[in-house]
Amino acid sequence: MFFRIVLPEAKENDMNNLFDITKNGYYGQFGGAYIPEILYSNVENLKNAYLKILEDPEFQVEFHSLLRDYVGRPSPLYLAKRLSEKYGCKIYLKREDLNHTGAHKINNTIGQILLAQRMGKTRIIAETGAGQHGVATATVCALMNMECIVYMGKTDVERQKLNVRKMEMLGAKVIPVTSGNMTLKDATNEAIRDWCCHPANTHYIIGSTVGPHPYPDMVARLQSVISKEIKIQLMEKEGRDYPDYLIACVGGGSNAAGTIYEYLNDLRVKIVLAEAAGKGIDSGESAATIQLGTVGIIHGAKTLLMQTEDGQIEEPYSISAGLDYPGIGPMHANLAKTGRSEVLAIDDNDALEAAFELTRMEGIIPALESAHALGVFGKKQFKPDDMIVLCLSGRGDKDIETYINYVI
Ligand SMILES: Cc1ncc(COP(=O)(O)O)c(C=O)c1O
């Protein structure tokens, strides 16, 4: 049974407003839409249309039949017995790595391409870091016969070559970005610039719960299929539909948002998120945005970001291209600030060790991003009767070169 417990400090507030988005697109003090004037009508049209489209029964039928027959959902909820034994608790893995294209990103791109079609858009642009969102976007564009342009930082083009080749094979044009430190932030800047030049015919498929309202909410809703399935699967396996803990990694926050969406206001469920500490949280080379960030505006949203005292964005660093971002989705900034989520910073080495551990103990090679979530087990003690669901957001094929170098 699902019920709500009111936090003591929330007495004066409506619980619905504490963690959920407001009509104006805010999670607490975070969110909103801070955009150049040229994009105003695009974002306004999207804001007025997205809920109507997403809730339309015809959209729902098409979305869910593609998730089932094309993506392969529901993704399994797998009890990792050896890992559970080692860490002395019950660990389930939500296997988003088994989705078509190898990560959770496809849930969002299927939804957004259907939305773009309904809004009469003919040209699709996207940003990508690890390349998983780029591949997922190129895939749905091939499926729907739409033009596809993907912006990707040159650093990421080099470290995620396999995904670049996949995008090209799928018919997308991959544009390497050479500004900044040539990673996800810089790719996002270029995608926004492109959108400003082609506002009429172009839909920008943002790959995470970032950007101006309504993107964070739209992406979270499209990814919420993850927690909807967890509820049903836990009920079947455990006779109760909620775990004690949910664990996920956060780059911009979409796999985490999908994993926690149905449990946001259910305080029996604790939320533990892993952000990238890079070479160490105090090393000056990290992407631990929640722990190091301060309030500012990045890519159209007010959120926490790594910035200098005079507001210049600090270049982030993580071994994982998908977590190498100086901002964080506004939903996660709010969850962390209100204490609803506990955020741990996992460094490159912890993540690599966790990736090898999962591979050797369960025969599953995880994506480097997901390996950060797995790194939580080395940092936090759980009790024997704790039931945990960890979102295994993607598979490790794209990271094999990094893994090989680590072994050597
Ligand atoms: C496998 C995988 N997991 C997680 C992420 C991080 O993104 P998000 O925080 O939006 O889930 C990425 C980003 O590229 C990814 O490829």
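Computed from a predicted structure; not experimentally measured. Both counts, for ligands and for their atoms, begin at 1 and track the order of listing. The chain is numbered in sequence order, starting from 1.
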### Query
Tell me, which protein residue and heavy-atom name are nearest atom 3 (N) of ligand 1, and how many Å apart are they?
Ser393 OG, 2.7 Å
### Task
Carefully, step by step, assess Gln132 and Glu369 under the rule side chain to side chain contact (heavy atoms under 4.5 Å, CB included).
CA-CA 11 Å; Gln132 288 302 129; Glu369 292 77 14; 5.8 Å; no
### Query
Does Arg395 come within less than 4.0 angstrom of ligand 1, counting non-hydrogen atoms of the residue?
no
### Task
Name the closest protein heavy atom to atom 10 (O) of ligand 1, giving the residue it belongs to and the distance to 0.1 Å.
Ser208 OG, 2.5 Å
### Query
Going by the atom numbers of ligand 1, which of them fall below 4.0 Å from some non-hydrogen atom of Gly251?
9 (O)
### Per-atom contacts, ligand 1 versus Ala130 - under 4.0 Å to a heavy atom
14 (O), 16 (O)
### Task
For ligand 1, note which part of Ser254 has a heavy atom under 4.0 Å away: side chain, backbone, both or neither.
both
#### Entry: Test: Arg82 and Glu85 ion pair at under 4.0 Å
no
### Task
Examine ligand 1 and decide if any of its atoms is less than 4.0 Å from a heavy atom belonging to His104.
yes
### Under-4.0 Å heavy-atom contact with ligand 1, by part of His133 that carries it
neither
### Query
Which atoms of ligand 1 are found less than 4.0 Å from any heavy atom of Gly253?
8 (P), 9 (O), 10 (O)
### Task
For Gly394, counting its heavy atoms only, list the atoms of ligand 1 lying under 4.0 Å from any of them.
1 (C)
### Task
Around atom 6 (C) of ligand 1, find the nearest protein heavy atom and jot down its residue, atom name and distance.
Gly322 O, 3.5 Å
### Message
Using side-chain heavy atoms (C-beta onward) and a distance below 4.5 Å, is Asn163 in contact with Asp156?
### Response
no
### Query
Using the ring of each side chain (for Trp, its six-membered ring), is Tyr34 parallel, tilted or perpendicular to Tyr26, with breaks at 30° and 60°?
perpendicular
#### Entry: Atom indices of ligand 1, in the order listed, that fall short of 4.0 Å to a heavy atom of Gln132
16 (O)
### Message
With side chain to side chain contact (heavy atoms under 4.5 Å, CB included) as the criterion, how do Gln112 and Tyr215 come out once you've worked through the C-alpha distance, each side chain's angles and the decisive distance to 0.1 Å?
### Response
CA-CA 10 Å; Gln112 285 204 49; Tyr215 277 103; 3.7 Å; yes
#### Entry: Taking atom 5 (C) of ligand 1 as the reference point, the nearest protein heavy atom with its distance
Glu369 CG, 3.8 Å
### Pair Arg159 + Glu401, salt bridge at N-O below 4.0 Å
no
### Task
Ignoring hydrogens and angles, tell me if any N or O in the side chain of Glu275 forms a donor-acceptor pair with the backbone of Ile290 under 3.5 Å.
yes
### Task
Could you tell me whether ligand 1 has any atom less than 4.0 Å away from a heavy atom of Cys249?
yes
### Contact with ligand 1 for Gly252, non-hydrogen, under 4.0 angstrom
yes
### Task
Test Tyr151 against every option in Asp194, Thr188, Asn189 by the side chain to side chain donor-acceptor pair (under 3.5 Å) rule and name the one that passes.
Asp194
### Task
Give the intermediate values and the outcome of salt bridge (charged side-chain N to carboxylate O under 4.0 Å, His left out) for residues Asp217 and Arg221.
CA-CA 6 Å; Asp217 185 46; Arg221 282 170 190 264; 2.9 Å; yes
### Message
Looking at Thr202 and Ile125, would you say the former's side chain and the latter's main chain have a donor-acceptor pair under 3.5 Å?
### Response
no
### Summary
min-distance protein heavy atom vs atom 7 (O) of ligand 1 -> Lys105 NZ, 3.1 Å
### Query
Are the ring centres of His299 and Tyr325 closer than 6.0 Å?
yes
#### Entry: Enumerated ligand 1 atoms positioned under 4.0 Å from heavy atoms of Ala367
1 (C)
